[in-house]
Amino acid sequence: MKVPEWAYGVPPVSVIGESYCTPYPLELIVKKKINKLSSSQFQVFDLSGNFLLKVDGGVWNFKLKRVLLDPAGFPILTLRGKALAFRHKWKAHAGESTHDTSNILFSVKQSHPLQIKKQINIFLANNFKKKEPDFHITGAYTSLSFKVYEGRRLIAEVKHNFTLDSFCKGKEKYKVKVYPEVDYAFIVALLVILDENDTP
């Protein structure tokens, strides 16, 4: 019998916190609900229906803000973005404050929109000045489904379950597969950023 690769143990990918890493593959359901033209909410569940995370926020004057919350409503991460020339740039701050540069965990930069495939580059706080990203996201511009890599290592896969009926009702759903020892809160944060990048 072939032993799964994750059974041997793999290097952990902990960006927001080790408490969000599990030693086994994790499958999540992420539900998006549009409350207003400038406000949406994401809720994250495991396959057993346990509520794990929530993301709230809105859009003001081309500045995007999203806050990642734990089940008790405590802010874990604040995402701030700017939309410039059809491309988005984001910074992720630990907790709720976005004024202290010392609490930045990572930044996200979108590739050129004229490329055949969409690529998003993620730089950790200690790597802002380097050209090579710590992580990258690949996917087609025609779909919100994508894959997350650390170098060549696949660490998460996201599938957008789009239907016209759910879109018209302002309710959408993602299926997320997070590989062992990968920070699932980090992956959810990237999903929210990708979703915002594709929202007009």
Side-chain angles (χ1 to χ4, degrees), residues 6 9-33 40-58 64-81 88-98 100 102-109 120-128 133-137 139 144-151 153-160 172-197:
W6 56 267
V10 291
V13 176
S14 175
V15 177
I16 298 176
E18 292 184 0
S19 60
Y20 303 106
C21 299
T22 64
Y24 48 83
L26 184 64
E27 294 191 24
L28 305 173
I29 300 296
V30 180
K31 298 180 180 180
K32 177 186 177 183
K33 180 180 180 181
S40 60
Q41 183 184 85
F42 297 81
Q43 292 185 323
V44 183
F45 303 86
D46 64 16
L47 293 185
S48 297
N50 297 308
F51 177 48
L52 302 177
L53 297 167
K54 181 173 73 171
V55 182
D56 284 329
L64 299 96
K65 179 182 178 182
R66 294 289 181 265
V67 181
L68 181 67
L69 308 163
D70 69 9
F74 183 81
I76 301 168
L77 189 75
T78 299
L79 303 169
R80 292 299 300 264
H88 293 71
K89 292 184 178 181
W90 291 80
K91 289 184 178 179
H93 299 252
E96 194 170 15
S97 173
T98 59
D100 185 0
S102 66
N103 71 352
I104 297 177
L105 296 181
F106 62 90
S107 66
V108 177
K109 296 180 181 179
I120 309 292
N121 294 324
I122 301 101
F123 298 84
L124 296 178
N126 59 358
N127 190 25
F128 286 166
D134 296 283
F135 307 93
H136 67 273
I137 297 169
L144 285 174
S145 301
F146 61 89
K147 295 181 179 181
V148 186
Y149 292 87
E150 181 188 34
R153 173 188 169 191
L154 178 63
I155 62 172
E157 300 178 64
V158 176
K159 182 178 180 181
H160 182 222
E172 298 179 60
K173 184 185 293 186
Y174 290 89
K175 288 185 178 180
V176 183
K177 182 178 180 180
V178 183
Y179 285 80
E181 298 297 352
V182 174
D183 187 331
Y184 68 82
F186 171 57
I187 301 302
V188 169
L190 297 180
L191 185 162
V192 172
I193 289 173
L194 262 290
D195 183 274
E196 293 296 344
N197 281 5

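The model shown is predicted, which means the values in this text are computed figures rather than measured ones.
The side chain to side chain contact (heavy atoms under 4.5 Å, CB included) test with L190 singles out one residue from V148, D195, V158, and that residue is V148. When each of L194, I122, L79 is paired with V108, the side chain to side chain contact (heavy atoms under 4.5 Å, CB included) condition holds for I122 and for no other. With F135 as reference, L124 is the one residue of N121, I187, L124 to meet the side chain to side chain contact (heavy atoms under 4.5 Å, CB included) rule.
One distance of note links CD1 of I29 with CG of N50; it measures 12.5 Å at 0.5 Å rounding. Atoms CD1 and CD1, on I137 and I155 in that order, are 9.0 Å from each other to the nearest 0.5 Å.
Residue pairs meeting the side chain to side chain donor-acceptor pair (under 3.5 Å) criterion with at least one partner in residues 13-22, sequence neighbours excluded, do not occur; the list is empty.
Side-chain atoms of S107 do not come within 3.5 Å of backbone N or O of K91 as any donor-acceptor pair.
The minimum heavy-atom distance between F51 and F45, with the atom names listed, is CA-CD2, 3.8 Å.
For F186 and F106, the ring centers sit closer than 6.0 Å to each other.
For the pair K109 and F123, the cation-pi test (distance below 6.0 Å, angle within 45°) is passed.
Scored by the salt bridge (Lys or Arg N to Asp or Glu O under 4.0 Å) test, K54 finds D56 as partners (sequence neighbours excluded). With sequence neighbours left out, the side chain to side chain donor-acceptor pair (under 3.5 Å) criterion links D134 to N127.
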